[in-house]
Amino acid sequence: MPSANLPRTSFTFGGQRFVALPDRALYWPQQRALIVADLHFEKGSAFAANGQHLPPYDSHDILSRLLILAEQSQAQQIFCLGDSFHDRNAAARMAPDLSGRLSALAAERHICWIAGNHDGLSGSAWGGSIADEILLNGIVLRHESLAHESRPEISGHYHPKLRFSVHGRTLSRPCFLINEKRLMLPAFGSLAGGMDVHNAEIMRLFDQNDCQAMIVADEKLLHFPVKQRRQP
């Protein structure tokens with residue numbers, strides 16, 4: 001994905017060009033970096049252990065999609081913005097073949113595992129590096145957005161989703177959420193779910209006068225203004 005020929009889903013944030021990818025991920029051309037958030041590996045097995053049986057293929061699907069994006073973008077590094085694993089025991093439950101593929105990916109393309117509230121720093125089991133947060137080209141990469149942060153910040157944690165109407169039908173889609181200082185990624189995990197962008201927990205972090213949701217559709221980046229809804 002050469003920076004001189006970026007697709008129509010590219011945009012500027014924090015003085016840098018980024019590309020919003022259809023599969024809920026971000027590409028940073030200058031850093032040749034893929035950025036994803038909230039993979040939640042082994043969520044299915046965690047629920048199964050508690051008697052809630054979900055299809056046991058979520059981790060395979062997450063890793064397969066990540067491998068495809070890494071190959072398509074030719075990323076040299078991957079930043080995982082926390083909650084990459086559903087809990088701190090995910091490594092023990094992960095199938096050996098899946099662990100091998102994840103280790104191979106970490107060896108081929110450097111992975112930086114940023115700590116989340118679910119997984120701590122458990123990503124180190126597969127190689128790469130670990131951190132609470134990263135500062136790169138003046139932009140902070142962390143798991144959960146901080147209300148007092150004045151620097152440009154890319155985060156995850158809230159799994160933003162946008163509800164909108166098309167031809168009388170109400171749809172809900174994972175989305176990026178952006179203003180001048182904050183860029184929040186949708187959850188990459190197959191079973192991660194989502195939180196409506198109008199939720200008060202999200203809105204408290206964003207200036208309601210310039211906040212936008214972004215969705216990739218038909219190789220275009222669609223922008224939707226997001227206003228805080230008044231309580232009845």
Side-chain angles (χ1 to χ4, degrees), residues 1 19-28 31-134 141-144 154-159 161 173-174 176 185-194 216:
M1 190 178 292
V19 180
L21 302 177
D23 202 4
R24 309 192 294 277
L26 196 65
Y27 182 68
W28 190 348
Q31 298 295 327
R32 296 195 65 179
L34 187 64
I35 307 175
V36 291
D38 300 281
L39 284 73
H40 285 269
F41 277 120
E42 294 301 311
K43 181 174 182 176
S45 63
F47 274 60
N50 291 319
Q52 302 179 54
H53 294 284
L54 298 175
Y57 309 114
D58 55 306
S59 291
H60 290 276
D61 180 63
I62 294 165
L63 183 55
S64 294
R65 289 164 42 225
L66 188 61
L67 287 167
I68 289 171
L69 289 181
E71 181 62 30
Q72 288 177 342
S73 67
Q74 288 298 295
Q76 293 182 341
Q77 52 186 338
I78 301 172
F79 293 99
C80 296
L81 303 186
D83 286 0
S84 300
F85 306 89
H86 191 65
D87 56 55
R88 288 166 171 78
N89 297 316
R93 298 195 308 273
M94 187 172 282
D97 66 312
L98 195 65
S99 292
R101 292 167 65 199
L102 187 54
S103 296
L105 177 62
E108 181 182 3
R109 308 174 197 272
H110 178 80
I111 296 181
C112 178
W113 306 99
I114 293 176
N117 56 295
H118 276 258
D119 56 5
L121 297 175
S122 58
S124 59
W126 289 274
S129 60
I130 57 176
D132 286 317
E133 61 183 48
I134 293 289
L141 278 64
R142 59 165 58 101
H143 176 59
E144 184 174 355
I154 301 177
S155 66
H157 181 63
Y158 289 99
H159 308 190
K161 294 185 76 173
R173 295 289 184 270
F176 300 87
L185 269 62
F188 192 79
S190 305
L191 299 176
V216 179

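The figures here come from the full heavy-atom set of this structure, side chains too, leaving out hydrogens, waters and symmetry mates.
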Nearest heavy atoms of [X] and [Y], plus distance in Å:
X	Y	answer
Leu98	Glu42	CD2-OE2, 3.9 Å
Ala25	Leu69	CB-CD1, 3.6 Å
Tyr27	Ala33	CD1-O, 3.2 Å
Ala70	Ser73	O-OG, 3.5 Å
His110	Ser129	NE2-OG, 2.9 Å
Ala187	Ala192	CB-CB, 3.5 Å

_Please determine whether a side-chain nitrogen of the Lys or Arg among Asp23 and Arg65 lies less than 4.0 Å from a carboxylate oxygen of the Asp or Glu._
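Salt bridge present between Asp23 and Arg65.
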*Could you pull out all residues at least two apart from Arg142 that satisfy salt bridge (charged side-chain N to carboxylate O under 4.0 Å, His left out)?*
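If we apply the salt bridge (charged side-chain N to carboxylate O under 4.0 Å, His left out) test to Arg142, skipping adjacent residues, the hits are Glu133, Glu149, Glu153.
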_Lys43 side-chain N/O to Leu191 backbone N/O, donor-acceptor pair under 3.5 Å_ =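 Here the side-chain-to-backbone pair exists.
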_Closer than 3.5 angstrom, by distance alone: can the side chain of Asp38 be matched with the main-chain N or O of Asp83 as a donor-acceptor pair?_
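No; zero donor-acceptor contacts below 3.5 Å.
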*Side-chain donor-acceptor pair under 3.5 Å between Arg101 and Ser64, yes or no?*
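Result is yes, a qualifying pair exists.
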*asked:* Within the 3.5 Å criterion, strictly below it, is a donor on His143 or Ser155 matched to an acceptor on the partner's side chain?
replied: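 Result is no, nothing qualifies.
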_As a quick check of understanding, evaluate side chain to side chain contact (heavy atoms under 4.5 Å, CB included) for Ile111 and Cys80, giving each step before the final call._
CA-CA 7 Å; Ile111 296 181; Cys80 296; 4.0 Å; yes
*asked:* Consider side chain to side chain contact (heavy atoms under 4.5 Å, CB included). Of Ile35, Val36, Leu34, which one does Leu21 pass it with?
replied: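 The option that passes is Leu34.
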*Reference residue Ile134; test side chain to side chain contact (heavy atoms under 4.5 Å, CB included); the match among Leu81, Ile154, Ile114*: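 Result for side chain to side chain contact (heavy atoms under 4.5 Å, CB included) with Ile134: Ile114.
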Which distance, rounded to the nearest 0.5 Å, do you find between the [atom1] of [X] and the [atom2] of [Y]?
X	Y	atom1	atom2	answer
Ile62	Ser190	CD1	OG	4.5 Å
Trp28	Leu141	CH2	CG	6.0 Å
Leu66	Asp61	CG	CG	11.0 Å

_Test side chain to side chain contact (heavy atoms under 4.5 Å, CB included) on His159 and His40; report intermediate values, then the result._
CA-CA 11 Å; His159 308 190; His40 285 269; 3.6 Å; yes
*What pairs of residues pass the salt bridge (charged side-chain N to carboxylate O under 4.0 Å, His left out) test when at least one of them lies in residues 105-117, not counting sequence neighbours?*
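Residue pairs passing salt bridge (charged side-chain N to carboxylate O under 4.0 Å, His left out), neighbours aside: Glu71-Arg109.
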*Indicate yes or no: at least one non-hydrogen side-chain atom of Gln31 is less than 4.5 angstrom from one of Gln77.*
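Gln31 vs Gln77: side chains touch.
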*Could you check if a side-chain atom of Leu102 sits within less than 4.5 angstrom of a side-chain atom of Phe41, using non-hydrogen atoms only?*
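The answer is yes, as the side chains (C-beta and beyond) meet within the 4.5 Å cut-off.
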*List the steps, then state whether ring-ring contact (aromatic ring centres under 6.0 Å, His included) holds for Phe85 with Trp113.*
CA-CA 10 Å; Phe85 306 89; Trp113 306 99; 5.2 Å; yes
*Run the side chain to side chain contact (heavy atoms under 4.5 Å, CB included) check on Phe176 and Arg24 step by step: do they pass?*
CA-CA 8 Å; Phe176 300 87; Arg24 309 192 294 277; 5.6 Å; no
*asked:* Assess the residue pair Leu105 and Ile78 against the criterion (side chain to side chain contact (heavy atoms under 4.5 Å, CB included)); give the C-alpha distance rounded to whole Å, side-chain angles, the decisive distance to 0.1 Å, and a yes or no.
replied: CA-CA 10 Å; Leu105 177 62; Ile78 301 172; 4.2 Å; yes
